[in-house]
Amino acid sequence: MRVTLGRTLVVAGLAMFAGAGCGNGASTANAAAEPQGESITAVGCPATPRADCVTIAAYGKTYDITSAGVEVSRGVGVSLSGTAAGEMTQCGIKLNDVKVSYQTLKCGAPAAPAADAG
């Protein structure tokens, strides 16, 4: 998984992040949003932790990519770039202007979305 926040950070093991997200026990409430306008680049497996969320986990953070229209059902990883909106949603750190490219990385079967608790 790679996240670019003005510098490049690399985390090995892309496939282990399949299904990671705010509904699988990870909390976004205590995570800080990226500064507005910050450029974000991530590669990995998208997840649907809630029925109304599509996320990607990168370098210990969960990004809300719901607005990008990623087709999780394809079962493959994505490479994406976007701009931090400077806010947190119930799904994670919100990204705007997300550009998505589907990869050949096979992801596990999408996890069933968690029941909406709120």
Side-chain angles (χ1 to χ4, degrees):
M1 197 122 344
R2 180 179 65 230
V3 177
T4 304
L5 304 171
R7 62 192 183 282
T8 301
L9 305 169
V10 178
V11 178
L14 293 173
M16 72 182 205
F17 289 103
C22 60
N24 295 353
S27 172
T28 58
N30 60 2
E34 303 294 347
Q36 184 174 1
E38 187 75 38
S39 178
I40 308 294
T41 301
V43 177
C45 294
T48 54
R50 300 170 49 115
D52 58 346
C53 293
V54 178
T55 64
I56 192 164
Y59 205 68
K61 296 183 180 181
T62 301
Y63 293 94
D64 178 355
I65 58 171
T66 306
S67 65
V70 173
E71 295 176 34
V72 178
S73 62
R74 287 187 180 193
V76 297
V78 296
S79 172
L80 61 86
S81 63
T83 305
E87 68 180 274
M88 293 291 294
T89 70
Q90 62 187 357
C91 305
I93 300 167
K94 185 176 181 178
L95 295 184
N96 289 330
D97 305 318
V98 179
K99 307 287 188 283
V100 176
S101 175
Y102 293 92
Q103 305 298 304
T104 58
L105 168 71
K106 298 292 182 194
C107 295
D116 189 3

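- In this view, Q103 and S101 satisfy the side chain to side chain donor-acceptor pair (under 3.5 Å) rule, not counting sequence neighbours.
- To the nearest 0.5 angstrom, E34 atom CD is 13.0 Å from E87 atom CD.
- Applying the side-chain contact (heavy atoms from CB on, under 4.5 Å) test between C45 and each of I56, V76, L105 identifies L105 as the sole match.
- Summarising the geometry of G37 relative to T83, their closest heavy-atom pair is CA-CG2, 3.3 Å, with the distance given to 0.1 Å.
- When all heavy atoms of T66 and V54 are compared, the closest pair comes out as OG1-N, 2.9 Å.
- When all heavy atoms of T41 and S81 are compared, the closest pair comes out as OG1-CB, 4.1 Å.
- In terms of heavy-atom proximity, T62 sits nearest to C91 at CG2-O, 3.4 Å.
- For the atom pair CD1 (I40) and CD1 (I65), the distance works out to 12.5 Å, reported to the nearest 0.5 Å.
- With sequence neighbours excluded, no residue forms a side chain to side chain donor-acceptor pair (under 3.5 Å) with T104.
- Heavy-atom minimum distance, P35 versus A84: O-CB, 3.4 Å.
- Minimum interatomic distance between E71 and Y102 (heavy atoms only, all atoms of both residues): N-OH, 2.9 Å.
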Decide yes or no on side-chain contact (heavy atoms from CB on, under 4.5 Å) for C53 and D64, but give the supporting numbers first. CA-CA 7 Å; C53 293; D64 178 355; 5.7 Å; no
How far apart are the C-alpha atoms of K99 and L80, what are their side-chain angles, what is the distance that settles it, and do they pass the side-chain contact (heavy atoms from CB on, under 4.5 Å) test? CA-CA 5 Å; K99 307 287 188 283; L80 61 86; over 6 Å; no
